[in-house]
Structure formats: structure tokens, C-alpha cells
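Model, not experiment: these values are computed from the prediction. Residue numbers begin at 1 in each chain, while the letters A, B, ... track the order of the sequences.
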Protein chains: 2
Amino acid sequence: MLAYGVRVGDVFKALADPTRRAILDELQERSGQTLFELITRLISRHGLTSTRQAVSQHLEVLEGAGLVRTRREGRYKFHELDTAPLRAITDRWRIDP
Amino acid sequence: MLAYGVRVGDVFKALADPTRRAILDELQERSGQTLFELITRLISRHGLTSTRQAVSQHLEVLEGAGLVRTRREGRYKFHELDTAPLRAITDRWRIDP
DNA sequence: ACCATAGGCAAGCACCTGCTTGCATGACAA
DNA sequence: TTGTCATGCAAGCAGGTGCTTGCCTATGGT
């Protein structure tokens with residue numbers, strides 16, 4: 001079940017970008033990162049060269065798809081992975097064993 | 001495991017289009033359809049209005065992603081769904097129960 | 001107060017993508 | 001062969017997407 005306001009197409013579109021998939025990888029490996037933590041680790045561990053604004057925009061897309069949840073604390077914003085929308089994929093087509 | 005020549009990004013990009021997802025739905029429901037069968041059923045059952053060329057190009061993308069396999073018989077080309085590449089998604093992120 | 005830090009907003013731009021359009025190829029029937 | 005049916009190929013175009021650039025807001029430390 002998708003959260004209210006999240007369209008199925010948003011999930012698939014969000015997954016279509018390699019940088020966004022790397023962000024999901026990073027958040028799975030280390031949950032609750034801030035924007036700057038993410039940028040640093042994306043560069044050092046995934047070889048990406050994305051700027052702050054680029055990563056920020058990707059996070060907006062991921063959040064719009066329900067794949068990333070956020071919480072604010074002071075001037076920090078922490079990001080967490082939410083894989084629930086991926087059920088839209090696994091429940092839709094029978095995956096051969 | 002993905003077939004040789006299929007990149008992970010191709011699978012995600014292929015899934016990013018709603019018409020292509022409808023094609024996968026159709027092939028799951030009825031395997032081995034020709035191009036014209038697909039067009040007819042996409043229109044009548046999914047409310048789409050895609051032309052032959054549009055669907056043909058979508059099938060190329062899906063085949064390039066390994067999600068659709070084809071076999072030729074005379075002047076007919078039959079299409080089948082192959083969900084194996086979807087493991088690239090389910091194996092990558094832990095999906096919460 | 002002052003400044004640095006963490007993040008947000010928005011316009012502009014180059015590239016990509018899906019679709020159309022028109023023509024071509026190959027298989028089968030009469 | 002002639003015609004038709006199923007499909008393939010390729011150029012062009014409009015809209016979308018990812019990214020940059022520049023400026024702004026807000027929080028917390030000193």
C-alpha cells in the first residue's frame with residue numbers, strides 16, 4: 001500500500017536515475033544521514049560528483065515517491081530509506097524463481 | 001543474474017514509462033502476443049491509444065532491458081515476459097514486511 | 001550582534017525521451 | 001507476380017529531466 005498522494009509512476013521514475021539509486025544504497029547502508037553527509041559519502045564511496053543542489057533535488061524526488069522519509073531537528077534534516085513503495089513492483093509481476 | 005549486455009540502468013529506465021508497464025501487464029496476462037495483438041489489447045483493456053510505432057519502440061526498450069523475449073515465426077514475432085531482471089530491484093534493497 | 005553552517009527556492013540550459021511521419025523490408029496468399 | 005499483412009528503420013519535433021547558477025532563509029556558535 002502506497003502512502004497517500006504517492007503515485008505508482010513516481011516510484012518507477014524515481015528509480016530510473018542512477019544517482020538516486022546510489023542515494024537509496026547509501027541510506028540503506030547508513031540510515032538517518034543529513035544532506036551533507038550524503039554528498040560526502042556519495043563522492044567517497046560511490047565515485048559520484050554531484051553538487052549539493054543536485055543531491056537535494058534528487059532527495060525531493062525520492063521523498064515524493066515515498067522512498068525516503070525525513071525528520072527535522074534544528075537546522076539538520078535527517079533522511080531515512082523506506083522500501084515499502086517497492087512492493088508496487090514486486091506485487092505487480094510474478095518473479096520467476 | 002542479468003543476461004549478457006543488459007545494464008542495470010536499462011531495467012529501471014524501461015520500467016519508468018507507464019505504457020511499457022502496461023505492456024508487461026498484458027504479456028503477463030497473455031504470453032506470446034504479436035505486436036498487433038498487443039496494440040489491440042492495450043487499447044481495449046488498458047485504455048491506451050498508442051500507435052503501432054510507439055508500441056514497437058517500447059518493445060525494443062523492454063527487449064533491451066531483458067524484460068521481454070521474442071521469437072520469430074515467419075512474418076510473426078511473438079513476445080514473452082521475462083521477469084528475471086526484476087531481481088535487480090528485489091535483491092538490491094531490503095523490502096520491509 | 002556577527003558569522004558560519006545546513007538547507008531552500010527558482011530561473012535557465014543542454015540533453016534525453018516518447019511520439020509522429022514516411023518509407024522500406026520480408027512473408028504469405030491468390 | 002501482384003497485393004496485402006506484419007514488422008522494421010530513421011529523421012524530426014515537442015515536452016520532460018537533471019544540472020547549474022545565484023540568491024535567500026534559518027539555526028546555532030562565539
Side-chain angles (χ1 to χ4, degrees), chain A residues 6-27 30-43 46-65 67-80, chain B residues 7-27 30-44 46-65 67-80:
Chain A
V6 174
R7 296 167 185 271
V8 184
D10 294 339
V11 180
F12 290 98
K13 281 193 175 182
L15 293 173
D17 183 88
T19 302
R20 285 197 288 268
R21 294 195 296 273
I23 291 176
L24 296 182
D25 290 340
E26 248 309 306
L27 288 178
R30 181 181 166 98
S31 187
Q33 296 190 54
T34 66
L35 176 56
F36 278 97
E37 278 182 275
L38 270 170
I39 297 164
T40 306
R41 291 173 63 98
L42 284 171
I43 292 174
H46 298 262
L48 301 187
T49 59
S50 302
T51 63
R52 176 181 68 87
Q53 293 82 350
V55 176
S56 176
Q57 285 168 14
H58 282 308
L59 284 171
E60 283 182 43
V61 175
L62 290 170
E63 198 173 352
L67 288 164
V68 165
R69 303 214 165 274
T70 62
R71 70 191 143 84
R72 262 221 175 259
E73 287 183 15
R75 58 175 162 175
Y76 299 101
K77 188 178 184 183
F78 300 101
H79 302 80
E80 300 174 3
Chain B
R7 297 168 184 270
V8 183
D10 295 338
V11 180
F12 291 98
K13 281 194 174 181
L15 293 173
D17 184 88
T19 303
R20 285 197 288 268
R21 294 195 296 273
I23 291 176
L24 297 183
D25 291 340
E26 248 309 305
L27 288 179
R30 180 181 167 96
S31 188
Q33 297 189 55
T34 66
L35 176 57
F36 277 97
E37 279 183 275
L38 270 169
I39 296 165
T40 305
R41 292 173 62 98
L42 283 172
I43 292 174
S44 62
H46 299 261
L48 301 186
T49 58
S50 303
T51 62
R52 177 182 67 86
Q53 294 83 348
V55 176
S56 176
Q57 286 167 13
H58 282 309
L59 284 171
E60 283 182 43
V61 175
L62 290 169
E63 198 173 352
L67 288 163
V68 165
R69 302 215 166 273
T70 61
R71 73 192 140 84
R72 263 225 176 257
E73 287 184 17
R75 58 175 163 177
Y76 299 101
K77 187 178 182 183
F78 300 100
H79 302 79
E80 300 174 3

Undergrad: Among T70(A), L27(A), L24(A), which one satisfies side chain to side chain contact (heavy atoms under 4.5 Å, CB included) with L62(A)?
TA: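 Of the listed residues T70(A), L27(A), L24(A), the side chain to side chain contact (heavy atoms under 4.5 Å, CB included) partner of L62(A) is L24(A).
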
Undergrad: Using OP1 and OP2 only, check whether a side-chain N or O of K77(B) sits under 4.0 Å from dG8(D).
TA: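 Yes.
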
Undergrad: Round to a whole Å and report the spacing from OH of Y76(B) to C1' of dA29(C).
TA: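 Nearest whole value for this atom pair: 11 Å.
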
Undergrad: For residues L59(B) and L35(B), report the shortest heavy-atom separation together with the two atoms involved.
TA: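 Where L59(B) meets L35(B) most closely, the heavy atoms are CD1-CD1, 3.8 Å.
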
Undergrad: Starting from P on dT17(D), measure out to CG on L15(A) and report it in whole angstrom.
TA: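 One finds 14 Å between P of dT17(D) and CG of L15(A), rounded.
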
Undergrad: So for R75(B) and dC5(D), does any side-chain atom that can act as donor or acceptor lie under 3.5 Å from a complementary atom in the base?
TA: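 Yes, a donor-acceptor pair under 3.5 Å.
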
Undergrad: Which whole-number value in Å describes the distance from R52(B) CZ to dG22(C) C1'?
TA: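 Rounded to the whole Å, the gap is 11 Å.
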
Undergrad: Assign T34(A) to base, sugar-phosphate, or nothing according to its heavy-atom contacts below 4.0 angstrom with the strands shown.
TA: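 Here T34(A) touches the backbone only, sparing every base.
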
Undergrad: Looking at T51(A), does any N or O in its side chain come under 4.0 Å of the phosphate oxygens OP1/OP2 on dT20(D)?
TA: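 For dT20(D), OP1/OP2 do have a side-chain N/O of T51(A) under 4.0 Å.
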
Undergrad: Could you state the CG-P distance from L59(A) to dA6(C), rounded to the nearest angstrom?
TA: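 It is 16 Å, rounded to the nearest whole Å.
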
Undergrad: Please report the closest heavy-atom contact between V55(B) and S50(B), naming both atoms and the distance.
TA: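 Result for this residue pair: CG2-CB, 3.6 Å.
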
Undergrad: Which atom pairs link the protein and nucleotides 10-12 of chain C when you take only N or O atoms and keep those under 3.5 Å?
TA:
none

Undergrad: For R52(B), is there any backbone N or O sitting under 3.5 Å from a side-chain donor or acceptor partner on S56(B)?
TA: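 Checked: no pair found.
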
Undergrad: Check every atom of dT20(C), dC19(D), dG7(C) against the side chain of H58(A) and return the nucleotide holding the closest atom.
TA: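 Shortest atom-to-atom distance from the side chain points to dC19(D).
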
Undergrad: Let me know, please, whether V61(A) or F78(B) comes out on the 5' side of the other along DNA chain D by nearest nucleotide.
TA: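 Here F78(B) is the residue nearer the 5' end.
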
Undergrad: Within the pair S56(A) and dG7(C), is there a side-chain N or O less than 4.0 Å away from OP1 or OP2?
TA: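 Checking S56(A) against dG7(C): no side-chain N or O falls below 4.0 Å of OP1 or OP2.
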
Undergrad: From the list dG8(D), dC19(C), dG18(D), which nucleotide is the closest neighbour of the side chain of R20(A)?
TA: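 Nearest to the side-chain atoms of R20(A), counting from C-beta on, is dG18(D).
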
Undergrad: For A16(A) and L35(B), find the nucleotide of DNA chain D closest to each by heavy atoms; which residue's nucleotide sits nearer the 5' end?
TA: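 Of the two residues, L35(B) wins.
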
Undergrad: Separation of F36(A) atom CZ from dA26(D) atom C1', in whole Å?
TA: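 Between C1' of dA26(D) and CZ of F36(A): 14 Å.
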
Undergrad: For K13(A) and dG16(D), is the shortest distance between a side-chain N/O and OP1 or OP2 below 4.0 Å?
TA: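 No, outside the criterion.
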
Undergrad: Where the side chain of R72(A) meets the backbone of K77(A), is there a donor-acceptor pair that is under 3.5 Å apart?
TA: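 Here the side-chain-to-backbone pair does not exist.
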
Undergrad: For A14(B) versus L67(B), what's the shortest heavy-atom pair and its separation?
TA: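 Heavy-atom minimum between the residues: CB-CD1, 4.1 Å.
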
Undergrad: For the pair made of CG in L48(A) and P in dC19(D), what is the distance, rounded to whole Å?
TA: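 Spelled out: CG on L48(A) to P on dC19(D) is 9 Å.
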
Undergrad: Backbone N or O of K13(A) within a donor-acceptor pair of the R20(A) side chain at under 3.5 Å?
TA: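 Checked: pair present.
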
Undergrad: Of the nucleotides dG7(C), dG8(D), dT20(D), which has the atom closest to the R72(B) side chain?
TA: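 Of the options given, the side chain of R72(B) lies nearest dG8(D).
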
Undergrad: side-chain contact (heavy atoms from CB on, under 4.5 Å) for E80(B) and R71(B)? Distances and angles first, verdict last.
TA: CA-CA 8 Å; E80(B) 300 174 3; R71(B) 73 192 140 84; 3.1 Å; yes

Undergrad: Quick one: L62(A) CG to dG18(D) C1', roughly how many Å, whole number?
TA: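 Checked: the CG to C1' distance equals 13 Å.
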
Undergrad: Rounding to an integer number of Å, can you tell me how far E60(B) CD sits from dG8(D) P?
TA: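 Taking CD of E60(B) and P of dG8(D), I get 7 Å after rounding.
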
